[in-house]
There are 2 protein chains.
Amino acid sequence: MEQDTSYKERKVITIGVVSELTGLSERQIRYYEERKLIFPERSHRGNRKYSFADVELLIDIANKREEGVQTFEIRQEMLKEKRKEEDKKIRKELMRGQINARFGVQKDS
Amino acid sequence: MEQDTSYKERKVITIGVVSELTGLSERQIRYYEERKLIFPERSHRGNRKYSFADVELLIDIANKREEGVQTFEIRQEMLKEKRKEEDKKIRKELMRGQINARFGVQKDS
DNA sequence: CGTGTAAGGAATTCTGACACG
DNA sequence: CGTGTAAGGAATTCTGACACG
């Protein structure tokens, strides 16, 4: 289901390049990971790898930080967003279920 | 005009990751550059950086090589392709020019 | 809390070259 | 021609820690 060929989601960018792309120091980037704001993959021997989506997220984080928002609060907001997304998804699936129940394919047997 | 925010074209991937992604050795990847099949950018201090488009191109090259096609021939084909693309583009622009001449915006002055 | 920095080590990347076929 | 490899050096990345505020 999860098509992970998407260029935006593939984790292939090393921390040095991410640093250039975002203007953040490597220290900051690693710290935001420690605070569970960002989740890079690890290469074979432990090097962090980020996606373009991660880069964009980091830029958002940087903006929030500049406004004085603490990492803890940013995390709260992100979790809230995530819950909202999941809710939407579930509602969609429920709807689909109801439609199928009335007009959809027959259950076999 | 050239919108280079495109994830596919941004050169951000280091040679080690490209090697993993393509299955090619770093030696091979550097050699194909020497033969002018691929054109990475360089980071600040000289490290090669590739795009997803480059990765796909390298996979195509690898397939051709497996069929025994020489790098020189691959280069020929690529140049031919490129010329074809440019031709198409020019024809398109010519067409647009004619349409504008009859129905388009007035030239000022 | 958020970030800088020095520390020490391991892994990465670079170039030019020799080897083989 | 296309690729492997050893060589030496420079740059990258990692972790854990101390510092400051």
Member of A:L57, A:I61, A:I74 meeting the side-chain contact (heavy atoms from CB on, under 4.5 Å) criterion with A:Y32: A:I61
Strand contacts (DNA chain C) in residues 14-31 of chain A, 4.0 angstrom heavy-atom criterion: A:S25, A:R27, A:Q28, A:Y31
A:E33 CD - C:dT3 P separation (whole Å): 15 Å
Any B:R48 side-chain N or O less than 4.0 Å from OP1/OP2 of C:dT13: no
Heavy-atom side-chain proximity of B:I13 to A:I13 below 4.5 angstrom: no
Minimal non-hydrogen separation, A:E20 against B:S43, with atom names: OE2-CB, 4.5 Å
A:K49 NZ - D:dC14 C1' separation (whole Å): 16 Å
Separation of atom CG in A:L58 from atom P in C:dT3, rounded to whole Å: 12 Å
Watson-Crick or G-U stems of DNA chain C, 3 or more pairs, under 3.5 Å, by first number: C:1-5 with D:17-21, C:17-20 with D:2-5
Check nucleotides 8-11 of chain C against the protein and report each pair of N or O atoms closer than 3.5 Å, with its distance, or say if there are none.
none

Neighbour count >12 (heavy atoms, 6.0 Å) for atom CZ, B:F39: yes
Short side-chain N/O contact to D:dT15 OP1/OP2 from A:R42, under 4.0 Å: yes
B:I15 with B:I59, same ILVMFWY side-chain cluster at under 4.5 Å: yes
Spacing between A:H44 atom NE2 and C:dT13 atom P, to the nearest angstrom: 13 Å
Nucleotide D:dT13, atom C1' - distance to OH of A:Y50 in whole Å: 10 Å
